[in-house]
Amino acid sequence: MGNEVRNKVKEEVKTEHEDKVKKEAKDEMKNEMKGEMKNEIKNEMKGEPEKKENGNKTEIEMKTTPGENSDIIIEGIDIVRTFKMGEVQVRALRGVNVKIRRGEFVAIMGPSGSGKTTLLNQLGLLDTPNSGRVIIDETDTSRMPDREKGKFRLHNLGYVFQDYALLPELDASENVYISLMMQGKTKEEYESAAAEILTAVGLGDRLHQLPSKMSGGQQQRVSIARALAHNPRVLFADEPCANLDSQTSKEVLDLFKKFNKEMGQTIVMVTHEDWHAAYADRVIRLKDGILE
Amino acid sequence: MLEKAKVSFFLASRSIVRGNRGITIFTVFVLTLIFVQLVLFSSMLAGVTLKFNELMVDFQTGNVVVEPTEEERYIESASALQKKIESLPQVVGTSARLKTTGNFRYKEKEMGGTVYGIDPADEIFVTGLEDAVISGEFLSRPDRGEIILGREVSGSFGALMESRSLGGVEVGDTVELTVSGKTREFRVKGIYTTRYFMADASAYLSRADMEEMLGIENRDFAQEIAVKTTAGTDEYETRNALLSLGVRENIRTWHEFAGILRLIENTLGLVRNIMNAIGLLIAFVIIFVVIYVNIVNKKRQIGVQKAIGIEQNVIVASFVLQAMLYAGTGIILGYAFMRFGLVPYTESNPVEIPLGAMSLRLDDAEAINRAFLLFLASIIGSVIPAYKLAQKDLLDLIWGK
Ligand SMILES: Nc1ncnc2c1ncn2[C@@H]1O[C@H](COP(=O)(O)OP(=O)(O)OP(=O)(O)O)[C@@H](O)[C@H]1O
Ligand SMILES: [Mg+2]
């Protein structure tokens, strides 16, 4: 089944060279379309558009440019991330350039320690690269102070962690609506939004259950609901199925696919499994901190 | 701003409701104890002071004391003045006294003390000395050559300063008394104790005997007139009433005699302040530790909260709110325990101290002050660890570094 999806996606894929002028015009159009599709919150929260010069960077991923209806939602330019471990410097990312298109479902793959999580964290603004830039929807986030980044994450990004990372003292619905609450939504708004999204992930009957009383698959679905409740521009998932059996993994991946297809949700997912990656439109492969 | 407070409150309330019951109960319990500790010493001190004051009023000064003016040694025509004072409706009785220091001698032992010359019939309306007699009897009007000794003079009967005393005088014994150069022998008619050692280091004899020793026979002199008023009468009102009666002598309320008490009170007050400071420090440390442990366990949660965009201030505030709620609950429980438990208990079952039966006195203003300080300690004790942790890099928090 996974292979079928992948093949379909591949059929749609066209290789074409970028025509900048044309693309910018398209961007405008796309943004308007998106605005209609997504709810108003999102548009309100959209950062200041900032024009970016791409320069002459070698864009490895361009070889798999998707269909003509896409524009770039995330651009990582020359991302370098080095960790200091005592005396030793670990170069987790060594100059990664990556572009992800709106509505794309991208899988990041690579051997253990290749820097997948690190890359996801840079793109998801959970971490700050030592050098390089991350541009999300034309907003250059590289010089954003932490506070601004937090705000940006709250309004624009969603995360699904490997171990769900639900807040144990909050029930399913509360876990989902806490970020909406933080955004300043009214009680009616956030409660109904939480109920709606939890119903969409198949947990409509467990709104007030605590995470500790749920199975791993259920918890991961709550975490997906939380990540999507505020209609993020991008959903980031780091090995979301690593702790789940294959049946539950399939359910979770089907959910991802559903949101990707039906809502045009952009998803960036790290995975080890080929059959997980098969759900994605495109696979980015990392090895030793650089793209393969 | 308001939504942020709302989120903090939401997180704090969920944490309290769904968090570890044991930790919550323990924290509140500890804070309750700390609050009780903070007010207990003050309450004891207030209780002791009250007892001291009661004893002084009951056995020494009455409510108001009339003394000779600065220039005079004696109040002249004391009985006329007594009658005048007794005409006031709030006055229960007056006692004109001669008062001097004297030297007692019994067998080999000698000691100094205050000696009063009193009219026993008048004295019983002013002080409770008659009831304070624990051996023998109180003086009566025709008695001459007889003396009543406090237990600090007689010795034994549980005297606090036994070694200074005459070392075990008993009723019926004869003691020598020297006053202004004249020495006379007196038969001990009674021994009293007020439990107030200052009052117990005195002796009482008839005013006539004292007049004779001072060489002022039949002159109707007095060195002080102690005035007892009905319960609840304000001493300053009594003084004003006396002034408007035309009393020209010095009028002092018992408060003005409480100088030594104030000294003791101030000394104990210093001890109290030190104990409060220590108590607060302990409170601070305990709150800090409890909140710290609590927060360290929630490192990952804090990281996740930060990751999904909950502001750092909101996270810190949620922990501070929690600590404030614990402190508030501890304060309320501690106050309730004192106000409705320990204080009433000691009132119906007074604690025996050397001064007599003492009960605790809880001063609300003081309690509010301590509550405020404890609250402050809980805020600081929670802000520091919460801020320190929430400030960390969110990935470090999530990966538990
Ligand atoms: N916080 C950190 N401190 C030090 N080194 C780190 C840190 N995070 C990652 N690294 C190192 O960076 C490299 C890339 O790590 P990363 O977690 O991105 O790999 P990964 O591809 O996600 O691996 P896995 O498949 O095992 O999850 C590794 O060598 C790792 O040890
Ligand atoms: Mg990883």
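Each chain gets a letter, A, B and so on, in the order its sequence line appears, and its residues count up from 1. These figures come from a predicted structure and were not determined experimentally.
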(request) Name the region of Val314(B), side chain, backbone, both or neither, that has any atom closer than 4.5 Å to a heavy atom of chain A. (result) side chain
(message) Is Tyr164(A) close to chain B through its backbone or its side chain, or both, or neither, when contacts mean heavy atoms under 4.5 Å?
(response) neither
(request) Kindly indicate whether the side chain of Arg300(B), heavy atoms from C-beta on, has any atom under 4.5 Å from the side chain of Asp163(A). (result) yes
(request) Output the option from Lys306(B), Gln305(B), Arg14(B), Glu3(B) having the highest count of non-hydrogen pairs under 4.5 Å with chain A. (result) Arg14(B)
(request) Measure from the side-chain N and O atoms of Arg153(A) to the backbone N and O of Gly309(B), and report whether any donor-acceptor pair falls under 3.5 Å. (result) no
Validation: residues 236-244 of chain A side-chain donor-acceptor distances under 3.5 Å, sequence neighbours left out:
{"unit_1": "Asp238(A)", "atom_1": "OD2", "unit_2": "Thr117(A)", "atom_2": "OG1", "d": "2.9"}
{"unit_1": "Glu239(A)", "atom_1": "OE1", "unit_2": "His272(A)", "atom_2": "ND1", "d": "3.3"}

(request) Quick one: which of Gln312(B), Lys4(B), Lys298(B) has the most heavy-atom pairs under 4.5 Å with chain A, could you say? (result) Lys298(B)
(message) With a strict 4.5 Å heavy-atom criterion, list every residue of residues 216-228 of chain A that contacts chain B, or say none.
(response) Arg226(A)
(request) Taking the side chain as every heavy atom from C-beta outward, state whether Leu394(B) and Asp146(A) have any atom pair closer than 4.5 Å. (result) no
(request) Name the member of Leu157(A), Leu210(A), Leu166(A), Thr128(A) that forms the most heavy-atom pairs with chain B at distances under 4.5 Å. (result) Leu210(A)
(request) Tell me, for Ile310(B) versus chain A, whether the close heavy atoms (under 4.5 Å) come from the side chain, the backbone, both or neither. (result) both
(request) Write out, in numerical order, the residues from residues 169-177 of chain A with a heavy atom short of 4.5 Å from a heavy atom in chain B. (result) Glu169(A), Leu170(A), Asp171(A), Glu174(A), Tyr177(A)
Quiz: residues 332-343 of chain B side-chain donor-acceptor pairs under 3.5 angstrom, not counting sequence neighbours:
{"unit_1": "Tyr335(B)", "atom_1": "OH", "unit_2": "Arg339(B)", "atom_2": "NE", "d": "3.2"}
{"unit_1": "Tyr335(B)", "atom_1": "OH", "unit_2": "Asp364(B)", "atom_2": "OD1", "d": "2.5"}
{"unit_1": "Arg339(B)", "atom_1": "NH2", "unit_2": "Leu362(B)", "atom_2": "O", "d": "3.3"}
{"unit_1": "Arg339(B)", "atom_1": "NH2", "unit_2": "Asp364(B)", "atom_2": "OD1", "d": "2.7"}

